[in-house]
*Asks:* 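I have a structure here, written as structure tokens, and I will follow up with some questions on it.
Residue numbers count from 1 along this sequence.
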Amino acid sequence: MKDQSFTSIEQQIQLLKRRGLRFASEETAAYHLAKYGYYNIINGYKDNFVIKDGDEEYYRDNVSFERIFSLFILDHSIRNTVMLAMLDIEEMLKTSAAYIIAEAFTSEYSKYSDIRNYKNIPRKNERFSLKHILKKFDEAYCSDKDPIRYHREHYNNVPPWVLFKGVYLSTMVNYIRYFKAPQKEKIIYSILDISDISTVDIPMKKCFSDLLYLFLEYRNLCAHAGRVYNHCPDANVRIDPDLLRRLGIPENRLYLNSLGRLIAGIMMLRDDAPIYNIKRTLSNELDRHCVAFPDDKEYLLKIMDIEHIKLS
């Protein structure tokens, strides 16, 4: 078992030096280690730079702390941009859902929360059932936080565009699964970049559901400061062949891995602001890191699965 006892910043630097890691400035490295933590910087981003010999590990020749820290900063910047994109998507999703539900069932809570307005599909896990989701709506309706409380007390009602502000994205994603066909088709048409609502078929509905779970996974990953640049998501999305052709990606790559999967998914959206910001950050950070450490470019493009995606 590895030693997990406390070590000072100076001891951490000496340990890294014994393992062959180089330092351009130990003083600057000490500052970064104190600010962000040894675990976050070293353990999070060393994998491509170490050679393991049993329980011991050593750094490859000419690997520096500055190189690992630069990768940490690259991922930190990507994560922040992805998080902003996920928040934008969450807001778009809630806004569209609120409009569609109010249009179909009015903005009266008692009506749009009626279980009969949805497909009550049985679920093995009660936590994902329609009954449980509507219970979460009830809890949000009784919230002491504004603007929900204000609407409840002054209007004796909380419309969906207000209520959904107090609902987690995970609840919304599962809620949308229970939409009946007319509402499901409308929300897909409002979110995805498609020209005709009549093109919304069963495969597209499945793709849309997969996209929502992909976005939810990345939102949670970013919220908990997880590594984004090499994350391989559990949620899979079969990319539309037309989109592959527009991206210039070989058609045998119907499935993309890691960040490439998220980028392709976001490019399916009607709003292009989220993908524009992510591409800009990726391009800037890759340029910054790879100017200083050009040997990392091939590794980064491959691990992020973005070799075929144009970033500018």
*Asks:* Between Met267 and Leu84, is there a shared hydrophobic cluster once you connect ILVMFWY residues whose side-chain heavy atoms come closer than 4.5 Å?
*Replies:*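 Result: no, two separate clusters.
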*Asks:* In Å, rounded to the nearest 0.5 Å, how long is the span from SG of Cys232 to CG of Leu259?
*Replies:* 11.5 Å
*Asks:* When you group the ILVMFWY residues by side-chain heavy-atom contacts below 4.5 Å and let the links chain together, are Leu15 and Tyr31 in the same group?
*Replies:* no
*Asks:* Check step by step if side-chain contact (heavy atoms from CB on, under 4.5 Å) holds for Asn236 and Arg261.
*Replies:* CA-CA 8 Å; Asn236 213 340; Arg261 188 182 306 174; 3.5 Å; yes
*Asks:* Using modelled atom types only, decide if a donor and an acceptor are shared between the side chain of Ser96 and the backbone of Met92 within a distance under 3.5 Å.
*Replies:*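 Here the side-chain-to-backbone pair exists.
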*Asks:* Should Leu87 and Val167 be regarded as members of a common hydrophobic cluster, given that ILVMFWY residues are connected when their side-chain heavy atoms come within less than 4.5 Å of each other, either directly or indirectly?
*Replies:*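 No; tracing contacts between hydrophobic side chains, which count when under 4.5 Å, never links both residues.
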*Asks:* For Arg22, look at atom CZ and say whether over 12 heavy atoms of other residues, nucleotides or ligands are found less than 6.0 Å away.
*Replies:*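 No, because the 6.0 Å sphere around CZ of Arg22 holds 12 heavy atoms or fewer from other groups.
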*Asks:* For Val237 versus Cys207, what's the shortest heavy-atom pair and its separation?
*Replies:* CG1-SG, 3.9 Å
*Asks:* Start with the C-alpha distance between Ile263 and Leu282, add both sets of side-chain angles, then the distance that settles side-chain contact (heavy atoms from CB on, under 4.5 Å), and finish with yes or no.
*Replies:* CA-CA 11 Å; Ile263 291 173; Leu282 265 173; 3.4 Å; yes
*Asks:* Passes salt bridge (Lys or Arg N to Asp or Glu O under 4.0 Å), Lys186 versus Glu103? Steps please.
*Replies:* CA-CA 11 Å; Lys186 284 183 178 181; Glu103 180 185 45; 3.2 Å; yes
*Asks:* Donor-acceptor check, side chain of Arg177 to backbone of Leu130, threshold 3.5 angstrom: yes or no?
*Replies:* no
*Asks:* Under a 4.5 Å cut-off applied to non-hydrogen side-chain atoms, are Ile41 and Tyr45 in contact?
*Replies:* no
*Asks:* Could you walk me through whether Leu21 and Tyr58 pass the side-chain contact (heavy atoms from CB on, under 4.5 Å) test, one step at a time?
*Replies:* CA-CA 8 Å; Leu21 190 65; Tyr58 303 93; over 6 Å; no
*Asks:* Is there a chain of hydrophobic side chains (I, L, V, M, F, W, Y, each step under 4.5 Å between heavy atoms) that links Ile78 to Leu301?
*Replies:* yes
*Asks:* Can you name the closest pair of heavy atoms from Gly44 and Arg227 and give their distance?
*Replies:* O-CD, 2.8 Å
*Asks:* Under a 4.0 Å N-O cut-off, is there an ion pair linking Lys46 with Glu57?
*Replies:* yes
*Asks:* Can you confirm whether Phe208 sits close enough to Ile187 that some side-chain heavy atom of one is under 4.5 Å from a side-chain heavy atom of the other?
*Replies:* yes
*Asks:* Does the separation of the ring centres of Phe72 and His32 fall below 6.0 angstrom?
*Replies:* no
*Asks:* Charged N to carboxylate O under 4.0 angstrom, Lys131 versus Glu126?
*Replies:* no
*Asks:* State plainly whether one hydrophobic cluster holds both Phe293 and Val50, where clusters connect Ile, Leu, Val, Met, Phe, Trp and Tyr through side-chain heavy atoms under 4.5 angstrom apart.
*Replies:* no
*Asks:* Count the heavy atoms belonging to other residues, nucleotides or ligands that lie under 6.0 Å from OH of Tyr299, then report whether that count exceeds 12.
*Replies:*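 Yes, enclosed.
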*Asks:* Between the side chain of Asn284 and the main-chain N/O of Arg280, is any donor-acceptor distance below 3.5 Å?
*Replies:* yes
*Asks:* Could you tell me whether Tyr175 and Phe164 have their ring centroids closer than 6.0 angstrom?
*Replies:*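 Distance test on ring centres: under 6.0 Å, yes.
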*Asks:* For a salt bridge (Lys or Arg N to Asp or Glu O under 4.0 Å) check, start with the C-alpha distance between Arg149 and Asp146, then their side-chain angles and the critical distance, and finish with the verdict.
*Replies:* CA-CA 5 Å; Arg149 180 179 63 177; Asp146 288 329; 3.6 Å; yes
*Asks:* With rounding to the nearest 0.5 angstrom, report the OH to CD1 distance, Tyr178 to Ile115.
*Replies:*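 Going from OH on Tyr178 over to CD1 on Ile115, the span is 9.5 Å.
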*Asks:* Would one find more than 12 heavy atoms of other residues, nucleotides or ligands at under 6.0 Å from atom NZ of Lys297?
*Replies:* no
*Asks:* Please answer whether the main-chain N or O of Ile13 pairs with a side-chain N or O of Glu26 as donor and acceptor at a distance below 3.5 Å.
*Replies:* no
*Asks:* Measure the OG-CG distance between Ser110 and Asn157 for me, rounded to the nearest 0.5 Å.
*Replies:* 7.5 Å
*Asks:* Dump the intermediate steps for side-chain contact (heavy atoms from CB on, under 4.5 Å) on Ile266 and Leu269, then the final yes or no.
*Replies:* CA-CA 6 Å; Ile266 296 176; Leu269 303 181; 4.2 Å; yes
*Asks:* Side chains of Leu163 and Tyr141: does their closest heavy-atom pair fall under 4.5 Å?
*Replies:* yes
*Asks:* Is a donor from one side chain sitting under 3.5 angstrom from an acceptor on the other, for Asp138 and Tyr109?
*Replies:*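 A pair is found: one side chain offers a donor N or O, the other an acceptor, under 3.5 Å apart.
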*Asks:* Nearest 0.5 Å, what's the OH-OH distance between Tyr155 and Tyr150?
*Replies:*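 Reported value, rounded in 0.5 Å steps: 4.5 Å.
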*Asks:* Against Phe128, only a single residue in Thr171, Ile133, Asn174, Val173 fulfils side-chain contact (heavy atoms from CB on, under 4.5 Å); can you say which?
*Replies:*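 One option only clears the test, and that one is Asn174.
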*Asks:* Under the salt bridge (Lys or Arg N to Asp or Glu O under 4.0 Å) rule, what do Glu90 and Arg219 come out as? Steps first, then yes or no, please.
*Replies:* CA-CA 9 Å; Glu90 178 177 353; Arg219 188 205 184 285; 2.9 Å; yes
*Asks:* When you compare the side chain of Leu74 with that of Leu300, does any pair of heavy atoms fall below 4.5 Å?
*Replies:* yes
*Asks:* For Ser143 and Glu139, indicate whether the former's side chain and the latter's backbone hold a donor-acceptor pair under 3.5 Å.
*Replies:*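 Checked: no pair found.
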*Asks:* Taking everything shown except Gln11 itself, do over 12 heavy atoms lie less than 6.0 Å from its CD?
*Replies:*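 Yes, because the 6.0 Å sphere around CD of Gln11 holds more than 12 heavy atoms from other groups.
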*Asks:* Between the main-chain N or O of Asp305 and the side-chain N or O of Asn257, is there a donor-acceptor pair closer than 3.5 Å?
*Replies:* no
*Asks:* Report yes if the side chains of Asp234 and Glu217 come closer than 4.5 Å at any heavy-atom pair, otherwise no.
*Replies:* yes
*Asks:* About how many Å separate CG of Asn117 and CD1 of Ile101, when rounded to the nearest 0.5 Å?
*Replies:* 7.5 Å
*Asks:* Answer yes or no: is there a side-chain heavy-atom contact under 4.5 Å between Leu286 and Met304?
*Replies:*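 They are in side-chain contact.
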*Asks:* Spell out, as yes or no, whether a donor-acceptor pair under 3.5 Å connects the side chain of His289 to the backbone of Glu285.
*Replies:*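 No, the answer is negative, given that no donor and acceptor are paired below the 3.5 Å cut-off.
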*Asks:* Can you name the closest pair of heavy atoms from Ser107 and Trp161 and give their distance?
*Replies:* CB-CH2, 3.7 Å
*Asks:* Using modelled atom types only, decide if a donor and an acceptor are shared between the side chain of Tyr118 and the backbone of Ile176 within a distance under 3.5 Å.
*Replies:* no
*Asks:* Might you point out which heavy atoms bring Met86 and Tyr218 nearest each other, and give the distance in Å?
*Replies:*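 Distance-wise, the nearest heavy atoms are SD-CB, 4.2 Å.
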*Asks:* Indicate yes or no for a side-chain donor-acceptor contact from Glu185 to the backbone of Ile197 under 3.5 Å, with no hydrogens or angles considered.
*Replies:*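 Side chain of Glu185 to backbone of Ile197: no pair is present.
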*Asks:* Can the ring centroids of Phe23 and Phe65 be said to lie less than 6.0 angstrom from one another?
*Replies:*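 That pair passes the under 6.0 Å test.
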*Asks:* Out of curiosity, Ser190 OG to Leu93 CG, how far, rounded to the nearest 0.5 Å?
*Replies:* 8.0 Å
*Asks:* Step by step, would you call Lys205 with Asp201 a salt bridge (Lys or Arg N to Asp or Glu O under 4.0 Å)?
*Replies:* CA-CA 6 Å; Lys205 290 178 182 179; Asp201 54 12; over 6 Å; no
*Asks:* Between Ser129 and Arg123, what is the shortest heavy-atom contact and its length?
*Replies:* CA-CG, 4.1 Å
*Asks:* Is Leu192 close to Arg270 at the side-chain level, that is, under 4.5 Å between some pair of heavy atoms?
*Replies:*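 Side-chain contact under 4.5 Å: no.
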*Asks:* Between Lys165 and Lys94, is there a side-chain heavy-atom distance shorter than 4.5 Å?
*Replies:*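 Heavy-atom side-chain distance check fails, nothing below 4.5 Å.
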*Asks:* Just checking, is any N or O donor in the side chain of Arg288 or Ser70 under 3.5 Å from an acceptor N or O on the other one?
*Replies:*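 Present: a donor and an acceptor within the cut-off.
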*Asks:* For the residue pair Asp196 and Thr199, what are the closest heavy atoms and their distance?
*Replies:* O-OG1, 2.6 Å
*Asks:* If only atom types and distance count, is the side chain of Thr281 paired as donor or acceptor with the main-chain N or O of Asn277 below 3.5 Å?
*Replies:*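 Answer holds: yes.
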